[in-house]
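Written below as structure tokens is the structure these notes are about.
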Amino acid sequence: MSTTAEPTRHVTTPTKDGGVRVVGRGNRYRRSRRSELVIWWREIDRVLLGLIMALVVVGMIAVAAASPAGAHRLSTAQKTLGDLYFFWLHLRWLAVGLVAMFLASLLPKESARRLAILIAGAMIVALVLVPLVGSEVKGAKRWLYIGFSLQPSEFLKPGFAIAVAWILSWRLRDPNIPVIAITMGLMGLTGVLLMAQPDFGSTVLFGGVWFVLVLLSGLPVNRILWSMAGGIVVVILAYLFYPNATHRIDSFISGGSEFDQVDLAMRTLLNGGWNGTGLWLGSRKMALPEAQTDYIFSVIGEEFGLIACAAIVLLYCAIVVRVMLRLVDEDDLFTILAGAGLTAQLAGQAFINILVNLQLFPSKGMTLPLISYGGSSTIALLLGVGFLLAITRRNPYLSRESFDFRELPRK
């Protein structure tokens with residue numbers, strides 16, 4: 001029986017001396033993928049990537065420190081959780097999140113924008129379903145169970161920032177488009193869906209990101225004042241008609257009590273002094289609720305000291321400064337707004353969490369980005385970082401002129 005050899009698949013490429021080189025398709029594919037990675041590494045903001053990875057490493061250590069407290073609180077007579085229960089779970093979610101970050105950072109800017117907007121649309125639909133079929137935890141419906149627990153509001157955060165930035169950038173194409181009104185409607189819809197869960201903390205964060213973006217887009221002074229007044233009215237209404245907000249604000253104003261979780265967090269934070277008690281040597285953390293999530297900053301203070309807490313604050317500040325320096329000579333309005341929005345979302349959430357731990361802000365139930373344990377929050381935050389890295393990618397050999405905000409129509 002005769003066999004016919006399969007023809008070799010190859011392509012020919014010219015050489016510098018006028019000859020021809022034959023390259024197999026498989027080799028060409030591998031070389032193409034390698035070239036894409038080389039281009040990615042050349043264009044990516046490696047300083048920003050390094051700062052992000054530093055926070056991720058800090059988060060791994062912090063979750064390992066806080067895991068025993070969370071595991072002991074959830075252990076029962078029938079089932080005892082290991083001290084590193086949350087640490088091993090965190091590593092799994094972190095692995096998924098890092099893959100999502102890497103894949104998102106590989107995308108061209110336009111592809112990243114389209115994907116983020118699609119995610120935002122899907123998560124708004126999911127938020128509509130949450131009050132109807134969502135899972136209730138501690139009196140709030142914030143999760144959808146689809147084989148695993150999904151918190152739509154977390155994945156909406158990066159998509160919302162990019163979608164608002166995209167809409168606001170329409171002003172350059174047509175000054176008559178009411179972009180402020182459109183984004184205000186989007187913010188209003190998002191706020192209503194979040195308060196239906198209820199989730200007042202996330203509503204405040206989304207509102208802050210929206211305000212930063214419309215401010216950067218050239219919102220007139222009179223509209224800025226009206227927006228600030230509107231925000232104050234919303235907070236007052238939430239205090240009057242939203243029991244959870246009433247309780248949290250009253251507790252914050254009165255200073256809480258020795259049994260209040262915010263007071264416990266503050267005591268835990270200060271227990272380690274400047275240098276900390278050492279890893280797994282903290283004692284107050286064992287009485288702290290949500291030690292691995294909402295109050296992980298206090299656990300860091302107890303076991304690694306106030307100096308470590310200050311270093312974490314500086315890391316977040318360094319990320320903000322680095323992104324702003326990256327954007328300062330950008331010539332594209334969408335890039336500036338999207339980068340600023342994603343950074344405002346990350347930094348805003350971080351500083352709200354830190355201020356809560358310092359008793360300088362009412363308790364919000366918000367994680368410390370890239371450090372706290374989490375499933376949806378960890379993956380969504382790293383996905384947002386991937387979008388930020390994709391949007392701020394830049395060919396180092398191309399020169400550009402900075403965008404002049406004075407060119408924006410003032411309407």
Do [X] and [Y] make a side-chain contact, defined as non-hydrogen atoms from C-beta onward lying under 4.5 Å apart?
| X | Y | result |
| --- | --- | --- |
| Leu270 | Arg284 | no |
| Lys109 | Thr335 | yes |
| Met101 | Phe387 | no |
| Leu194 | Leu156 | no |
| Pro369 | Tyr316 | yes |
| Ile336 | Asp332 | no |
| Val356 | Tyr295 | yes |
| Leu150 | Phe155 | yes |

Begin with the C-alpha distance, continue with both residues' side-chain angles, and end with the deciding distance and a verdict on side-chain contact (heavy atoms from CB on, under 4.5 Å) for Lys157 and Phe206. CA-CA 7 Å; Lys157 289 175 181 177; Phe206 276 86; 3.5 Å; yes
Tell me the closest heavy-atom pair linking [X] and [Y], and the distance in Å.
| X | Y | value |
| --- | --- | --- |
| Ala350 | Leu368 | O-CD1, 3.7 Å |
| Thr277 | Gly282 | OG1-N, 3.4 Å |
| Ala66 | Ile296 | CB-CG1, 4.2 Å |
| Thr392 | Arg326 | O-NE, 3.0 Å |
| Ala165 | Ala338 | CB-N, 3.4 Å |
| Ala161 | Gly341 | CB-C, 3.8 Å |

Do any N or O atoms from the side chain of [X] and from the backbone of [Y] form a donor-acceptor pair under 3.5 angstrom?
| X | Y | value |
| --- | --- | --- |
| Trp280 | Pro68 | no |
| Ser169 | Phe334 | no |
| Gln292 | Val63 | no |
| Arg113 | Ala163 | no |
| Asn353 | Asp294 | yes |
| Lys285 | Ala65 | yes |
| Ser376 | Glu154 | no |
| Gln197 | Val130 | no |
| Arg393 | Ser105 | yes |
| Asp174 | Trp170 | no |

Hydrogens and angles aside, do Ser377 and Gln151 bring a side-chain donor and acceptor to less than 3.5 Å of each other?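 The answer is no; no qualifying pair exists.
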[X] side, atom [atom1]; [Y] side, atom [atom2] - distance, nearest 0.5 Å:
| X | Y | atom1 | atom2 | answer |
| --- | --- | --- | --- | --- |
| Tyr85 | Leu74 | OH | CG | 8.0 Å |
| Ser283 | Leu288 | OG | CG | 11.5 Å |
| Leu337 | Leu327 | CG | CG | 9.5 Å |
| Leu264 | Leu269 | CG | CG | 12.5 Å |
| Trp93 | Thr378 | CH2 | OG1 | 9.0 Å |
| Leu388 | Thr343 | CG | OG1 | 5.0 Å |

Using the rule side-chain contact (heavy atoms from CB on, under 4.5 Å), only one of Trp88, Phe86, Tyr373 pairs with Ser67; which is it?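 Checked Trp88, Phe86, Tyr373 against Ser67; only one passes side-chain contact (heavy atoms from CB on, under 4.5 Å): Phe86.
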Which residue, Asp45, Ile319, Val321, Val320, forms the side-chain contact (heavy atoms from CB on, under 4.5 Å) with Leu51?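 Single side-chain contact (heavy atoms from CB on, under 4.5 Å) partner of Leu51 among Asp45, Ile319, Val321, Val320: Ile319.
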Please assess Trp40 against Phe102 for the test ring pair (Phe, Tyr, Trp, His ring centres under 6.0 Å), listing each intermediate value before the final yes or no. CA-CA 10 Å; Trp40 172 84; Phe102 173 69; 5.3 Å; yes
Do other residues, nucleotides or ligands put more than 12 heavy atoms under 6.0 Å from Arg46 CZ?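 Counting other residues, nucleotides and ligands, CZ of Arg46 exceeds 12 neighbours.
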Would you indicate whether Phe351, at its atom CZ, is surrounded by more than 12 heavy atoms from other residues, nucleotides or ligands within a distance under 6.0 Å?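 Yes, CZ of Phe351 has more than 12 neighbouring heavy atoms, counting only those of other groups under 6.0 Å.
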Test Ser298 against Asn357 for side-chain hydrogen bond (donor to acceptor under 3.5 Å, both in side chains), laying out the working first. CA-CA 6 Å; Ser298 294; Asn357 280 262; 2.6 Å; yes
Is there a side-chain contact (heavy atoms from CB on, under 4.5 Å) between Glu330 and Arg394? Walk through the geometry before answering. CA-CA 9 Å; Glu330 272 291 340; Arg394 179 185 302 171; 3.4 Å; yes
For the pair Leu168 and Thr183, evaluate side-chain contact (heavy atoms from CB on, under 4.5 Å) and give the outcome as yes or no after the intermediate values. CA-CA 8 Å; Leu168 291 172; Thr183 58; 4.0 Å; yes
Using the rule given for side-chain contact (heavy atoms from CB on, under 4.5 Å), can you reason through Leu205 versus Met366, listing the C-alpha separation, both sets of side-chain angles and the distance that settles it, and then say yes or no? CA-CA 10 Å; Leu205 180 61; Met366 197 171 288; 4.2 Å; yes
Salt-bridge criterion met for Glu290 and Arg73 (N-O under 4.0 Å):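 Looking at Arg73 together with Glu290, the answer is no, because their closest N to O distance does not fall below 4.0 Å.
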